[in-house]
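As structure tokens, the structure follows; a few thoughts come after it.
Side chains included, hydrogens not; waters and symmetry mates left out as well; all remaining heavy atoms used. Start at 1 and go down the list; that is how both ligands and their atoms are numbered.
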Amino acid sequence: MLTALLLALCCIHSGRAQTCSEGFTYDRRSRQCIDVDECRTLPDACRLDMRCVNQNGGYLCIPRSLYSQSYARPNSPPYPEPVYPVPDTSVGFAEQFRQEPAGPVAPSYPIVSRSAPCLLGYALGEDGTCVDIDECETSAHQCNPTQVCFNTDGGYTCSCTEGYWLVGGQCQDIDECRYGYCQQLCANIPGSYSCSCNPGFILNPDSRTCQDIDECEDEPCSHACFNTYGSYMCNCDEGFELGADGTTCNDLDECSFSDFLCQYRCVNTPGSFSCVCPPGYYIFEDGRSCEDLNECDTGNNTCTTAQVCFNFQGRYKCLDPLICEAPYIEFSDNQCMCSAENPTCRDRPFAILYRHMDLSSGRTVPADIFQMQATTRYPGAFYIFQIKSGNEGREFYMRQTSNLSATLVLSRPITGPREVVLDLEMVTVNNVINFRGSSIIRLTIFVSEHPF
Ligand SMILES: [Ca+2]
Ligand SMILES: [Ca+2]
Ligand SMILES: [Ca+2]
Ligand SMILES: [Ca+2]
């Protein structure tokens, strides 16, 4: 009979043990659910920098720096492990109410009776066992209206919800911003907080710290982009300048900087510029000067084999073969003569010498441009040099430089393109033999269009 009773008791105890909530274990001696000290039984209850504090029905992990002997937070709902310094909440985070057994411990032998009294906080269930009273359900608790009631085995807990702490018996919002929960911007919210970041930063997945945005990934710059902490910078390639928006690169108009970049014409290009020359010229090695194309040397001309190619600045001329008009006869390929024996030649220059030269447009004046020299010297003779024709614009004059020579001087600026034909006369006077005669240099001057 006794054996059967003990067996039955065993079964009851075994069933009873399974009713203990998590964090508690059934103690046969006191016949109640008692707290498990997880800090002793769990080898890795908390991280290394956290200290384990056993609680009734659970345990807490608290930063070691904040832990003090007075910290004795009772059983409370799970609260996130603070990463940043948190205030000392040991003023009382929650209050616990536990019904302690009244009077002496029951006799040491088992009593099996339906009328066995249950411990405080328990009530006799329909199956004859003592079951926990849910004080929170029955409103039998004494929690403050700002607190939340949590039923525990054999008791209950009054606690503040997450984000609140107990101050003077009232649950008050924790101002997380005061305690530096956020790295940059913080907004306190009742029961919580919200972190945000300055412009140029983005909130990390931890919702607290901020990291620099690499704006360059979106390629905001026309050219080069440099990411900086909290911002970014654009740079432009050579020949460009950064626009007012800080991202667009605009071409520099180098041609507007100076009129002397190019000898002839400056052409602006994206990122650079180039000099161009008029037809008949090519760009010199310096990239800015214009050099005449010698069409006669390169063969890039239209002269016939009978003609003579005459090159000058920017152009060339095909000179027809010399034709001497009667009574002149050809003396050489550039000279016509009128024979002294021919009576019709008496009042004419005895020789006409054909010469060609080129002249740059706008040449500074005065300028010596051509020399005349008597080749034969008669005893007692003297020479007069003069411009016989072609100087209607009075751009030239003749300056005698010796008894035998003279220089043609450009006295007024002349602009091309233009061809000037001057008849330069040398008069020979010999009073001893009463001789007066003349010869002509027919000088054709090709004035170029450009001053180079
Ligand atoms: Ca808050
Ligand atoms: Ca940045
Ligand atoms: Ca440019
Ligand atoms: Ca030429």
Between Phe370 and Phe396, is the ring centre distance below 6.0 Å?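 Between Phe396 and Phe370, which both carry aromatic rings, the centre distance is not below 6.0 Å.
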Does a side-chain N-to-carboxylate-O contact under 4.0 Å join [X] and [Y]?
| X | Y | result |
| --- | --- | --- |
| Asp368 | Arg399 | yes |
| Glu419 | Lys317 | yes |
| Arg418 | Glu395 | yes |
| Arg178 | Asp175 | no |

Of the N, O or S atoms in Asp173, the one nearest the Ca ion (ligand 1): OD1
Among the N, O or S atoms that Glu176 has, which is closest to the Ca ion (ligand 1)?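 Glu176's closest N, O or S atom to the Ca ion (ligand 1) is named OE1.
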May I ask you to check if any N/O/S atom from [X] comes under 3.0 Å of the Ca ion (ligand 2)?
| X | value |
| --- | --- |
| Ile213 | yes |
| Ser231 | yes |
| Tyr232 | no |

If the cut-off is 3.0 Å, does any N/O/S atom of Asp251 fall short of it from the Ca ion (ligand 3)?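 Of the N, O and S atoms in Asp251, at least one lies under 3.0 Å from the Ca ion (ligand 3), which means yes.
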Check whether any N, O or S atom of Gly271 sits under 3.0 Å from the Ca ion (ligand 3). no
Which atom name would you report as the N, O or S atom of Glu254 nearest the Ca ion (ligand 3)?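 Nearest to the Ca ion (ligand 3) within Glu254's N, O and S set: OE1.
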State whether [X] contributes an N/O/S atom found under 3.0 Å from the Ca ion (ligand 1).
| X | value |
| --- | --- |
| Asp175 | no |
| Tyr193 | no |
| Gly191 | no |
| Ile189 | yes |
| Tyr164 | no |

Sulfur to sulfur, is the gap between [X] and [Y] shorter than 2.5 Å?
| X | Y | value |
| --- | --- | --- |
| Cys136 | Cys149 | yes |
| Cys182 | Cys195 | yes |
| Cys303 | Cys296 | no |

Asp212: its N/O/S atom lying closest to the Ca ion (ligand 2) (atom name):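 In Asp212, the N, O or S atom with the shortest distance to the Ca ion (ligand 2) is OD1.
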Taking the Ca ion (ligand 3) as the vertex, measure the angle between atom O in Thr269 and atom O in Leu252; round to 10°. 160°
Tell me the angle that OD1 of Asn268 and O of Ser272 form around the Ca ion (ligand 3), rounded to 10°. 80°
Trace of the disulfide (SG to SG under 2.5 Å) decision for Cys171 with Cys160: CA-CA 6 Å; Cys171 289; Cys160 293; 2.0 Å; yes
Between Thr298 and Asn300, is any side-chain donor less than 3.5 angstrom from a side-chain acceptor? no
Working to 10°, measure the angle at the Ca ion (ligand 2) formed by atom OD1 of Asn227 and atom OE1 of Glu215. 80°
Where the Ca ion (ligand 1) is the corner point, what angle links OD1 of Asn188 with O of Ser192, to 10°? 90°
As a quick check of understanding, evaluate disulfide (SG to SG under 2.5 Å) for Cys225 and Cys234, giving each step before the final call. CA-CA 5 Å; Cys225 182; Cys234 295; 5.3 Å; no
